[in-house]
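Because only heavy atoms are used, hydrogens play no part in the values below, and waters and symmetry mates are left out as well, while side chains stay in. Numbered from 1 within each chain, the chains take letters A, B, ... in sequence-line order.
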Amino acid sequence: MTQGSTAIRTRFAPSPTGLLHIGGARTALFNYLYSRHVGGAFLLRVEDTDRERSTDAATQVILEGLDWLGLTRDEQTVFQSSRADRHAVVAYQLLETGKAYRCWCSAEELRQMREQAVAEGRSPRYDGRWRDRDPAEAPAGVKPSIRLKAPQEGETVVEDMVQGTVRVANAEMDDMIILRSDGTPTYLHAVVVDDHDMGITHVIRGDDHLTNTFRQVQIFQAMGWDQPRFAHIPLIHGADGAKLSKRHGAVSVLEFREQGFLPEAVCNYLLRLGWSHGDLEVVDRDEAIRLFDIADVNRGASRMDYAKLTNLNGIYIRKADDDRLTREVLQRLAHQPHLSLGSIAAARIRALMPQLKERAKTLVELANAAAFLARVVPLPMEPKAEAQLTAEAKLLLRDVGSALGETDFTVAAIDAALRGFAEATGRKLGQVAQPLRAALTGSTVSPGIDATIAALGREEALARISAAAR
RNA sequence: GUCCCGUUCGUCUAGUGGCCUAGGACACCAGCCUUUCACGUUGGUAACACGGGUUCGAACCCCGUACGGGACGCCA
C-alpha cells in the first residue's frame, strides 16, 4: 500500500427499487474490494430522490443484501433525498455565476421538441431556446427549471480507468436540467454534488453510466471542483445476451440466498465475471482484497452462468465449517413437514455433515440430503428405493440387522461388519449396501453406508432395518 | 436516428507483435476410482466475428464492415 492512498474513497450508490440486483451487487463488490485493496473507505449512498418509487422496505433489502455478502461500509449511509437543499444551493450558485440559466419550457413543449427532432432525423435534444433569451420574456405563471449552460464547442474527455480515454464533441450534448421546476435536483446533478461533498475519489459503476459521465464532468468543471477518477465496468447480461431480468432466473442477491448459495461463492463468482488474475478461479475474500485492481477489469459485457456459480458453490460448501452448515440445514428443514427436529436429529446431521457436504452443490440440496436423518419410521420411500426392497432383499436385511446388532457402532466397525457379512454370504458389497441404503434413508443416494449407519445410531438404524424388512 | 462502448471455445476468461500447432475454469462426452451419489483423477470435443492494411512475423497495432450492448427524460 502506497503512502497517501488512505485518502481513496469509493461509494456504491443504488436507487432503492426493491431489490439488490446481481449486477449492482458486483458493482458494490468492486467498490468494496478496491477501497480495501488501497486501504481507503467504502461508502453507501441511497439514491432515493425518486420519492414515488423509493421506500424504506426497498432500502432495507439493499442493506440486507450487502450485509449478507459481507460488504461492510464505512461511515453513515447517505440518503440523497436528505440533501435536496444542498443540491438546490449549488444549482443557484451556478445560476449566479452565469454557468446555468432558467428555462421556462413546459414539459409539453419539450416533448414536442423531441418528437419533431426525431421526425426530422435529428437527435432528440433541447435546442437551447432559453439559453440566451431575456428572462423578462418569461411567460407568467410558469415555474422555470434550471439548466446547465454547457460548453458548445470543443469536447469533453473522460479518462476512464477501464474504458480508456473516451471523448465526445460538446456539440453532441444539450443543456441538461439540473434543478427541476419544483426545486428538486435531477439525478445527474445530485450525484455530482454528493460525490464532491462526500469526498469520493473513485467512481466505480456500470458502464450504462458512461455517457452520463460527460454531463457530470461538465458540472464538475462548471463548479471548478476536482473530478473523481471514473471506472465504468461492463454490465452483466442473461444467458441469452440480453439485459439481465427476471426471466433469466434469479437476479436478486437475496434470491440466491434462498436458493442455497453461500455468500462467499456468490462473491467469488461475481468477482470472476469481468475480472481475472491469470488462471485463478477460487479466490477467497482476503486474497481478493490483496489482488483486486481496476486495471484487471475487462471491457466486454459478460453473461450470467448459473452452472458455474453452482459449481463454485459446491466448492465453498465443501470448504465450509460443519457447524455452520448444520445450522443452515436445520433452518431450512424447519420449513419441511413430517420431520422430528430435536437435538437428536441435529446431532445426527452434524455427525454426517463431513460426508453430506461432499455431495451437495447448494444448501437446498444439502438440506434435502440430510432430511432422512430427521424422519421417523416408517420412512417415505422413493420409487427407486422401494424397488430395492424385494422379498429377497428383506430376508437379507433381517440377517444384516442381526449382524449389525452385534457390532460396535463406529464407522470402522460397521464397515468391517458389512464387508465380513458380504464375504460370508458370497455377495458384493454393493448388493448389501443398496438395500440397506433404501431401508435407512428411503433413497438410493446417500453418503457411505457405514457413516450413514453410524450417524443414525444403533437403535434408530436397527429400527429402520427391521421396519423395512417387514 | 445520433453519440458512446464492446467482440478469443456454448459460458467465464488467459493472452499487451515471435513463448500460441491459442492456456485454464464451468458445462458436455469417454475412461479410471468406488458401496449408491458425489468428490477426485485421466483423456476428448470446442474459439481469435469478417475484410483490408502495417510488419520478416499479428489474437495482440491501424482502418472499415457486421453483430451486440448502452445513452440520448423536469427516471435513477
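The base of C74(B) lies close enough to the side chain of Ser181(A) for a donor and an acceptor atom to sit less than 3.5 Å apart. A donor-acceptor contact under 3.5 Å links the side chain of Asp279(A) to the base of G23(B). Donor-acceptor pairing under 3.5 Å, judged by distance alone, is absent between the side chain of Gln163(A) and the base of G6(B). A donor N or O paired with an acceptor N or O is not found under 3.5 Å between the base of U2(B) and the side-chain atoms of Arg125(A). In terms of polar N and O atoms assigned as donor or acceptor, the side chain of Arg359(A) comes within less than 3.5 Å of the base of C37(B) in a complementary pairing.
For Tyr34(A) and His202(A), the ring centers are positioned less than 6.0 Å apart. Aromatic ring centres of Phe30(A) and Phe292(A): separated by under 6.0 Å.
Taking every heavy atom of both residues into account, Leu235(A) and Gly206(A) meet most closely at CD1-CA, 3.9 Å.
Among the protein residues, Ile177(A) comes within range of the nucleic acid bases, having at least one heavy atom under 4.0 Å from a base atom. Contact annotation for Asn212(A): base contact, defined as any heavy-atom pair under 4.0 Å involving a base atom. Nucleic acid contact class of Val168(A) (heavy atoms, under 4.0 Å, all strands): sugar-phosphate only.
A salt bridge between Asp182(A) and Lys143(A) is absent, with no side-chain N of the basic residue lying under 4.0 Å from a carboxylate O of the acidic one.
Side-chain proximity of Gln434(A) to U13(B), U36(B), A38(B): nearest is U36(B).
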